[in-house]
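Indexing begins at 1, ligand by ligand and atom by atom, following the structure's order. This is a predicted model, so every value here is computed, not measured.
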Amino acid sequence: MAQEEQLGIGIDFGTSNLLVYVKGYGIIFNEPSVVAFDIESGEVIAGGHDANAMIGKTHSKVIVSRPLRDGVISDMDAATALLTYAFQKVKGLKQIQNGVCMICCPSEVSQIEQEALKELAEQMGIGEAYIDQEIKSGAIGSGIDIYTPKAAMIVDIGGGTTDVGVLSLGDVVLSRTIPAAGNYIDLEVMKYLRKQHNLVIGSGTAERVKIEGGTLIASDGKRKVDVYGRDLITGLPSSAVVTSKILYELLLPIFDEITTAVYSVLEQTPPELAADIVETGITLEGGVSLVPGIKDYFEKALGLPVTLAEDPLMAVVSGAKVLLSNKGNYLVAPQD
Ligand SMILES: Nc1ncnc2c1ncn2[C@@H]1O[C@H](COP(=O)(O)OP(=O)(O)OP(=O)(O)O)[C@@H](O)[C@H]1O
Ligand SMILES: [Mg+2]
């Protein structure tokens, strides 16, 4: 009897967003990495978008959890619950016990953190699990042929971390992970409103302000974003207006940090690979690379050509889909 084909599963479990690909089904889940539980029964009451909408708005019987912090699992129960929720959304999904999965993680995660990802796959009952670096899958998903001796440099600015890496001959040569990323920007927005307007806002509002008004174009400063929260002094609901000029000024020092991290990786890059990067430049991916003006910003800051991934939020999971077919065999370009 012919052996049943394994179910291929690609997972980009990001701090902000969970993306799951299943062979034959496509992307089955692309929603925020958030899950809500009923405290008494322990049952999952919402996941993804629905759970994200509950952040900061729950009563005492509901708890909302983000399973990842800074790119790594910080709450294993919540991570398992969210993945289970994601798989259950697909009616008639074949048994995942016979599955083989590729989970992508930031480049500097420890052995213990990698074990946690394997444990997650085990808890899900997935037969076989591989862990690979998200800059590698992101590079493949951005359309780069990483299986040549020509270096490529990737900068993935996600929610929890910014990952900078150089790839050659199918694998990561060197990399660096820093916390200056989306959540960090949100915190700066919250700090600014608290300090300048005595306005306390939630993380969801800060994220909206960043997305609606954030810019790296100096002349793009006139857009206004209305912000609602609670006045620090009176304790009553209150509002403020933030201009994109303010957000530009908040973003600059954070992008300076990212630029410094890119420089530090370039300084350690072997000369032959550095010579390639002068030509191939850097590829940007991750949700924060959607900030207007980012390409010009890095071209000026680094003096290198910059390419923005076609779909910065999908690059990692698209690459995981490809990596599934060669399960960590780094020199061989995966077959479809
Ligand atoms: N248009 C936009 N402008 C600015 N930031 C954005 C935009 N769209 C999404 N983001 C931000 O991108 C981040 C999410 O990106 P992404 O999904 O790549 O992160 P992640 O993979 O979940 O996190 P990580 O890889 O760090 O674990 C969030 O901080 C989100 O607010
Ligand atoms: Mg990511």
Side-chain angles (χ1 to χ4, degrees), residues 10-20 27 29-35 48-49 52 55 66-75 79 82 86 103-109 113 116-117 131-139 141-142 154-165 175-190 202-217 220 223 225 244 247-248 250-251 254-255 258 261 283-295 297 308-320:
I11 300 173
D12 172 11
F13 212 150
T15 313
S16 299
N17 296 302
L18 166 65
L19 287 91
V20 182
I27 304 284
F29 197 80
N30 178 7
E31 296 192 34
S33 302
V34 187
V35 61
H49 290 303
N52 197 40
I55 291 180
R66 285 192 170 277
L68 270 82
R69 224 190 139 96
D70 302 335
V72 296
I73 294 179
S74 56
D75 183 339
L82 182 57
I103 309 182
C104 303
C105 67
S107 51
E108 284 185 0
V109 308
E113 287 155 351
L117 287 172
I131 312 291
D132 215 329
Q133 298 181 29
E134 57 191 29
I135 37 176
K136 181 172 162 185
S137 49
S142 304
I154 302 293
V155 179
D156 180 331
I157 316 175
T161 61
T162 290
D163 240 353
V164 182
S175 62
R176 187 148 179 230
T177 304
I178 59 164
N183 294 349
Y184 186 86
I185 301 173
D186 300 346
L187 284 177
E188 289 301 306
V189 171
M190 289 164 92
S203 58
T205 299
E207 182 177 24
R208 178 180 65 80
V209 172
K210 169 189 70 183
I211 293 176
E212 288 181 14
T215 184
L216 284 165
I217 306 169
D220 183 24
R223 271 182 295 135
V225 184
S244 41
L247 290 164
Y248 172 74
L250 284 180
L251 287 182
I254 300 169
F255 276 81
I258 298 174
T283 299
L284 296 172
E285 62 187 44
V288 176
S289 55
L290 291 166
V291 172
I294 196 163
K295 181 171 158 24
Y297 170 87
L308 185 59
E310 200 177 307
D311 192 341
L313 288 157
M314 297 286 287
V316 171
V317 80
S318 308

Check your understanding: Okay, side chain of R223, backbone of E212: is any donor-acceptor separation there less than 3.5 Å?
Key -> yes
Study note, to complete from the structure: G160 heavy atoms within 4.0 Å reach ligand 1 at atoms 23 (O), 24 (P), 26 (O)
Practice item. For G182, take its heavy atoms, then give the atoms of ligand 1 lying under 4.0 Å from any of them. Key: 29 (O)
**Study point:** Within-shell test, E285 vs ligand 1, heavy atom, strictly < 4.0 Å
**Key:** no
Check your understanding: Does the S74 side chain pair with the main chain of P67, one donor and one acceptor, at a distance under 3.5 Å?
Key -> yes
Practice item. Could you check atom 9 (C) of ligand 1 against the protein and tell me its nearest heavy-atom contact, residue, atom and distance included? Key: G287 O, 3.7 Å
**Study point:** Proximal ligand 1 atoms for T161, defined as those under 4.0 Å from one of its heavy atoms
**Key:** 26 (O)
Exercise for review: Could you tell me whether the side chains of D163 and S107 share a donor-acceptor contact shorter than 3.5 Å?
Suggested key: yes
Practice item. List every atom of ligand 1 that sits less than 4.0 Å from any heavy atom of K210, numbering the atoms from 1 in the order shown and giving each element. Key: 5 (N), 11 (C), 28 (C), 29 (O), 30 (C), 31 (O)
Check your understanding: What are the two closest heavy atoms between S289 and P312, and how far apart are they?
Key -> OG-CB, 3.4 Å
Exercise for review: Output yes when a side-chain donor or acceptor of S33 lies under 3.5 Å from a complementary backbone atom of R66, and no otherwise.
Suggested key: no
Exercise for review: Mind checking whether L313 contacts ligand 1 via backbone (N, CA, C, O), side chain (CB onward), both or neither, at a 4.0 Å heavy-atom cut-off?
Suggested key: side chain
